[in-house]
Amino acid sequence: MLIYVALGLAAFIGAFISGVIGMAGGMLMLAVVLTFLSHGEAIPLHAFVQLFSNGTRVLVFLRNVDWPTLGRFSLGAAPGMVAGMFLLRAMGEADEAEPWLKMLIGAYILAATYLPKPKKRGGGAGHWWDFVGLGLVAGVASLTIGAVGPLIGPMFIRRDFVKERLIATKAVCQLVTHVAKIPVFLALRDLDVSRLGSIALVMILLAVPGTVLGKRVVGLVREHHFVIAYRIGLTIAGLKVLLVDGAWGLLNSQ
């Protein structure tokens, strides 16, 4: 019962944060999920919940999607997912790989939270291969790290996407990775589908009101104050996954 309550609240809070500032909620949710589940269970569960979250966002902003950018991203994501699949297969079910993966995710959360935002660069859409390369990296990272929103977000800022265009195109690019990673994990990992499905249902049901509430209060909260709050939350989550789930687990396994 504890896992349903904790992950349901994580989904609600994560959706609320994403509803207010447009990102970071998925990373926070993944950090909490990794507290209760293994990497092989956490990533597909996170993908399934985010599938609905990003899918809803895409439907709302469908007319704002930049389809050429999605095509370039998908062109790179396809071989990236294949490379990530072989990487997961090489890791197998080895228990010794689990702490290293969680340390990687914890380090990623901290880096994505504190690395400075890139300076905006003029020049329109830029080189077409930028998003191909971004898709390639995101394809591999989506299977090993899980939450790629902060990884791909800076590229959209560099290309001066307006708000609606950024939200729509970023969401549909993430949707591509979520759709692809679920069958990969089903094929490579022995998952308890009925158990994970029931947890996912609870998380999805609580993510919806979290998103609605986030949209309602977005105009009432100063962005500066909220950014400070979510950075504190992500710092705690990142350190927990990096040091407790990862490094401590690695020491205990030796």
Side-chain angles (χ1 to χ4, degrees), residues 1-57 95 98-99 101-103 105-106 108-110 112-113 142 145-150 174 178 181-182 185-186 189-218 220-221 226-249 252:
M1 181 60 68
L2 175 62
I3 188 173
Y4 289 92
V5 174
L7 298 189
L9 287 175
F12 177 85
I13 295 172
F16 172 76
I17 292 174
S18 292
V20 174
I21 61 176
M23 63 185 303
M27 277 201 309
L28 182 60
M29 182 182 71
L30 179 60
V32 178
V33 173
L34 282 165
T35 302
F36 294 90
L37 301 175
S38 67
H39 175 271
E41 293 176 320
I43 300 300
L45 176 64
H46 173 267
F48 190 73
V49 176
Q50 291 293 88
L51 191 65
F52 282 83
S53 177
N54 284 284
T56 301
R57 205 172 302 169
D95 292 335
E98 185 80 17
L101 287 170
K102 289 186 175 180
M103 288 173 64
I105 293 171
Y108 170 70
I109 291 173
L110 295 173
T113 301
S142 66
I145 295 175
V148 298
Q174 290 178 259
H178 293 318
K181 78 174 75 167
I182 293 175
F185 272 89
L186 288 174
R189 295 291 186 265
D190 184 16
L191 301 177
D192 186 347
V193 177
S194 60
R195 173 172 170 264
L196 292 179
S198 62
I199 296 174
L201 179 60
V202 172
M203 295 178 71
I204 291 169
L205 290 176
L206 286 174
V208 172
T211 301
V212 173
L213 181 61
K215 289 183 178 180
R216 285 183 177 273
V217 305
V218 64
L220 304 177
V221 180
F226 198 84
V227 167
I228 293 175
Y230 98 72
R231 279 190 171 181
I232 292 173
L234 286 175
T235 300
I236 295 172
L239 288 174
K240 196 270 180 186
V241 174
L242 174 65
L243 301 178
V244 179
D245 299 328
W248 183 252
N252 287 336

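Residue numbers start at 1 and run along the sequence shown.
Separation of atoms CE (Met29) and CG (Leu9) is listed at 13.0 Å; rounding is to 0.5 Å. The distance from the NE2 atom of His46 to the CG atom of Leu51 is 11.5 Å, given to the nearest 0.5 Å. The CG atom of Leu206 lies 9.5 Å from the CG atom of Leu201; values are rounded to the nearest 0.5 Å.
Under the side-chain hydrogen bond (donor to acceptor under 3.5 Å, both in side chains) criterion, Gln174 pairs with Lys170, sequence neighbours left out. Taking Ile199 as the reference, Ile3, Tyr4, Leu7, Leu45, Arg195, Met203 meet the side chain to side chain contact (heavy atoms under 4.5 Å, CB included) condition, with sequence neighbours excluded.
Applying the 6.0 Å contact sphere to CZ of Phe12 captures more than 12 heavy atoms from other residues, nucleotides or ligands.
Minimum heavy-atom separation, Ala207 to Ala15: O-CB, 3.2 Å. Nearest approach of Gly8 to Val202, heavy atoms of both residues: CA-CG1, 4.3 Å. Of all non-hydrogen atoms in Thr35 and Ala31, the two that sit nearest each other are OG1-O, 3.3 Å.
The shortest distance between side-chain heavy atoms of Phe52 and Val208 does not fall below 4.5 Å.
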Given side chain to side chain contact (heavy atoms under 4.5 Å, CB included), test Val33 with Val49 step by step and report yes or no. CA-CA 11 Å; Val33 173; Val49 176; over 6 Å; no

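Formation of a donor-acceptor pair under 3.5 Å by the Lys181 side chain with backbone atoms of Ala47 is not found in this model.
Among residues at least two apart or in separate chains, there is no salt bridge (Lys or Arg N to Asp or Glu O under 4.0 Å) pair with a member in residues 7-18.
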